[in-house]
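In each ligand, atom 1 is the first atom listed, and ligand 1 is the first ligand listed. Residues: numbered from 1 along the sequence shown. Quick caveat: nothing in here was measured; it's all calculated off a predicted structure.
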Amino acid sequence: MELHTFKDYHSMSHAASDSMLRAVMSKPDAVICLATGHTPCLTYRLWVEKILQKNINVSNCFFIGLDEWVGIRADKEGTCHHFLYNYIFHPLHVPESNLHLFNPMSKNLEEECVQMNEIIHSRNGIDMITLGIGMNGHLGFNEPGASLYNDAHVVKLDATTQTVGQKYFATVQSISRGITIGLRQIMQSKKIIVLANGFGKAHIIKQALEGKISTSLPASLLRNCHQATCYIDEEAATLLRK
Ligand code: GLP
């Protein structure tokens with residue numbers, strides 16, 4: 001994995017959005033998987049702006065959701081659905097036929113996983129994935145201890161994720177389970193962009209980049225991925241060895 005450190009959140013987001021732009025310019029029918037969360041907000045805003053300004057054709061791209069909170073209506077503010085429509089699908093006018101997200105209210109969540117796996121497989125995998133890092137080192141909802149060999153699956157969220165996840169919602173939610181694509185699908189993605197900013201992420205970034213590479217800290221696994229680039233700001237890099 002390559003590591004790039006930037007002065008601040010803005011310059012980090014600019015660089016990451018440029019990298020995302022190059023990906024859709026070089027592969028106009030790219031399969032794109034996007035994390036939600038606070039970290040990528042500016043990257044996505046800049047990416048969309050640049051696509052529109054430069055008139056880049058993304059009408060043949062296919063978008064898939066990385067993860068979702070189980071049992072919360074998709075249209076509620078705070079869900080991954082709501083985020084992706086707001087930041088990406090509405091501004092880029094992505095038709096429903098060009099996207100697939102997990103249905104968090106499905107009565108058959110296993111079938112949701114099967115469908116997502118089939119879609120990823122039939123499209124020859126993910127061309128570009130943009131990831132954040134959870135406070136416990138998770139990727140998507142691949143929590144500490146997740147298997148390297150997992151495809152899409154339903155997961156019991158750990159205590160940190162349940163607590164931190166409340167920040168996305170206006171009122172307290174019961175968020176005990178998530179649905180996510182698996183570590184295998186993430187690590188097989190052809191281009192991996194991983195983002196982290198702010199002092200709050202400094203500790204987990206140190207562990208992910210300088211600690212043991214292990215499924216007990218899923219983000220550390222990306223160090224074995226030659227196709228991964230990590231973009232962080234100086235605040236997130238504070239604890240790294242110089
Ligand atoms: C969330 C999501 C992840 C996200 C991560 C970091 O719970 N499941 O996909 O990347 O945690 O979120 P944030 O960017 O808000 O720190």
**Message:** Parallel, tilted or perpendicular, judged at 30° and 60°: which one describes the rings of Tyr85 and Phe89?
**Reply:**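 Taking Phe89 first and then Tyr85, their aromatic rings stand perpendicular (interplane angle over 60°).
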
**Item:** Distance (rounded to the nearest 0.5 Å) between Ile192 CD1 and Lys190 NZ
**Value:**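 Answer for the CD1-NZ pair, Ile192 versus Lys190, is 11.5 Å.
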
**Item:** Nearest-0.5 Å distance, CD1 of residue Ile186 to CG of residue Asn142
**Value:**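 Spacing of CD1 (Ile186) from CG (Asn142) equals 4.5 Å.
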
Which N or O atoms of ligand 1 sit under 3.5 Å from a protein N or O, and how far apart is each pair?
{"from": "ligand 1", "atom 1": "7 (O)", "to": "His138", "atom 2": "NE2", "distance (Å)": "3.4"}
{"from": "ligand 1", "atom 1": "8 (N)", "to": "Asp67", "atom 2": "OD2", "distance (Å)": "2.7"}
{"from": "ligand 1", "atom 1": "8 (N)", "to": "Gly140", "atom 2": "O", "distance (Å)": "3.4"}
{"from": "ligand 1", "atom 1": "9 (O)", "to": "Asp67", "atom 2": "OD2", "distance (Å)": "3.1"}
{"from": "ligand 1", "atom 1": "10 (O)", "to": "Gly132", "atom 2": "N", "distance (Å)": "3.4"}
{"from": "ligand 1", "atom 1": "11 (O)", "to": "His138", "atom 2": "NE2", "distance (Å)": "3.0"}
{"from": "ligand 1", "atom 1": "12 (O)", "to": "Tyr168", "atom 2": "OH", "distance (Å)": "2.9"}
{"from": "ligand 1", "atom 1": "14 (O)", "to": "His38", "atom 2": "N", "distance (Å)": "3.2"}
{"from": "ligand 1", "atom 1": "14 (O)", "to": "Thr39", "atom 2": "N", "distance (Å)": "2.9"}
{"from": "ligand 1", "atom 1": "14 (O)", "to": "Thr39", "atom 2": "OG1", "distance (Å)": "2.4"}
{"from": "ligand 1", "atom 1": "15 (O)", "to": "His38", "atom 2": "N", "distance (Å)": "2.8"}
{"from": "ligand 1", "atom 1": "15 (O)", "to": "Lys167", "atom 2": "NZ", "distance (Å)": "2.8"}
{"from": "ligand 1", "atom 1": "15 (O)", "to": "Tyr168", "atom 2": "OH", "distance (Å)": "2.5"}
{"from": "ligand 1", "atom 1": "16 (O)", "to": "Lys167", "atom 2": "NZ", "distance (Å)": "3.4"}
{"from": "ligand 1", "atom 1": "16 (O)", "to": "Lys201", "atom 2": "NZ", "distance (Å)": "2.6"}

**Message:** Please find the pair of heavy atoms, one from Gln185 and one from Ala152, that lie closest to each other, and give the distance.
**Reply:**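 Minimum heavy-atom separation between Gln185 and Ala152: OE1-N, 3.1 Å.
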
**Tyr9 side-chain N/O to Leu42 backbone N/O, donor-acceptor pair under 3.5 Å** =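 Yes.
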
**Check against side-chain contact (heavy atoms from CB on, under 4.5 Å), Ile72 and Tyr168** = CA-CA 12 Å; Ile72 299 191; Tyr168 305 117; over 6 Å; no

